[in-house]
Amino acid sequence: MNVLTFPSNEELNEAAAGLLTATLHQKANAVLGLATGSTPIGVYEKLVEFYKKGRVSFQSATTFNLDEYVGLPRDHAESYYTFMNTRLFQHIDLPEANAHIPDGHADDPQQECERYDRMIGQAGGIDVQILGIGHNGHIGFNEPGDTLQSATHLIELHEETRKANARFFASIDEVPTKAITVGLGTIMKSKSILLLARGSDKAEIMRRALRGPIDPQCPASFLQLHPQLIVMTDSEAGRLL
Ligand code: GLP
């Protein structure tokens, strides 16, 4: 694992966007695994800036998002579909057909999970997977538990996760109770993984995830087993590493 700690958010954003840009320079048709949450927003802003300056093109790229809430209309302000469109997709030249997000409104969520995993496989797997981390160690929406699921699956969100995400909704009652998430096995099959964390509230979970035992109660701890894990944090989130 390669841990890089940056003194400012700006430098972290530059480095993460630079890594993705370098990937696309080496392989124009790279498959990128994308994450939502507040952590990657600055990286997406940088990518948009790089695109506008002509430094990168997404014309031949394919993207797969990690997760989506179940039950929110696609155009809901807090759906991950809306998040990705407003933060990234509508500002760059990624063809719409190449951008994939699990369908949280599928009639048969189980079938949707299988379809999503199949599509990732058919695209040749993920080249670079971006990840944030939840305070309880979740990645995507792979919540802590006695066992973890490998493939894309439907998950019941933990109360802690719903509370953390309630800040984006009018009240906690509006936060969905379920989500579709790419599973840990699919994440671990990515050729490389870029784990991002910011802020002092992430310091302890980053320590547990990267320096603690590998434990399904902290799904991010499995990332220690990945041969190409790059960790980028600000000085606060990386304080205990
Ligand atoms: C969300 C997402 C995760 C994200 C995490 C942390 O619930 N499903 O992909 O990494 O929580 O979010 P944030 O970056 O806002 O702290």
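Each residue takes its place number in the sequence, starting with 1. This one's a predicted model, so the numbers in the text were calculated from it and none came from an experiment. Numbering of ligands and ligand atoms starts at 1, following listing order.
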Note to self: Could you tell me, atom by atom, which parts of ligand 1 come under 4.0 Å of a heavy atom of K202?
What the structure shows: 13 (P), 16 (O)

Note to self: So, taking the atom named CD1 in I101 and the one named OG in S79, what distance separates them when rounded to the nearest 0.5 Å?
What the structure shows: 7.5 Å

Item checked: R167: numbered ligand 1 atoms lying under 4.0 Å from its heavy atoms -> 15 (O)

Checklist line | Protein contact of atom 6 (C) of ligand 1 - nearest heavy atom, named by residue and atom, plus distance | finding: I133 O, 3.5 Å

Notebook entry, point to check: Should the pair R87 and Y44 be classed as cation-pi, given the thresholds of under 6.0 Å to the six-membered ring centre and 45° from the axis?
Noted result: no

Next item on the list: Run the salt-bridge test on K46 and E49 with the 4.0 Å N-O cut-off and return the result as yes or no.
Entry: yes

Next item on the list: Please report which non-hydrogen protein atom sits nearest to atom 12 (O) of ligand 1, along with the residue it belongs to and the distance in Å to one decimal place.
Entry: G37 CA, 4.0 Å

Margin query: Can you tell me how the ring of H100 sits relative to the ring of F64, calling it parallel under 30°, perpendicular over 60° and tilted otherwise?
Written below: parallel

Checklist line | Residue and atom name of the nearest protein heavy atom (relative to atom 11 (O) of ligand 1), distance in Å to one decimal | finding: H138 NE2, 3.1 Å

Next item on the list: Identify which of I205, N165, L195, I41 has a heavy atom lying nearest to atom 7 (O) of ligand 1.
Entry: N165

Notebook entry, point to check: Taking only heavy atoms of T39, which atoms of ligand 1 are found under 4.0 Å from at least one of them?
Noted result: 13 (P), 14 (O), 16 (O)

Next item on the list: Look at atom 3 (C) of ligand 1 and find which of A35, G140, G134, G132 reaches it with the closest heavy atom.
Entry: G140

Note to self: Looking at R239 and E236, is there a salt bridge between them, counting it only when a charged N and a carboxylate O are closer than 4.0 Å?
What the structure shows: no

Item checked: Check ion pair D127-K191 (N to O, under 4.0 angstrom) -> yes

Note to self: Are more than 12 heavy atoms, taken from residues, nucleotides or ligands other than R74, located less than 6.0 Å from that residue's CZ atom?
What the structure shows: no

Notebook entry, point to check: For atom 8 (N) of ligand 1, what's the nearest protein heavy atom and its distance?
Noted result: D67 OD2, 2.9 Å

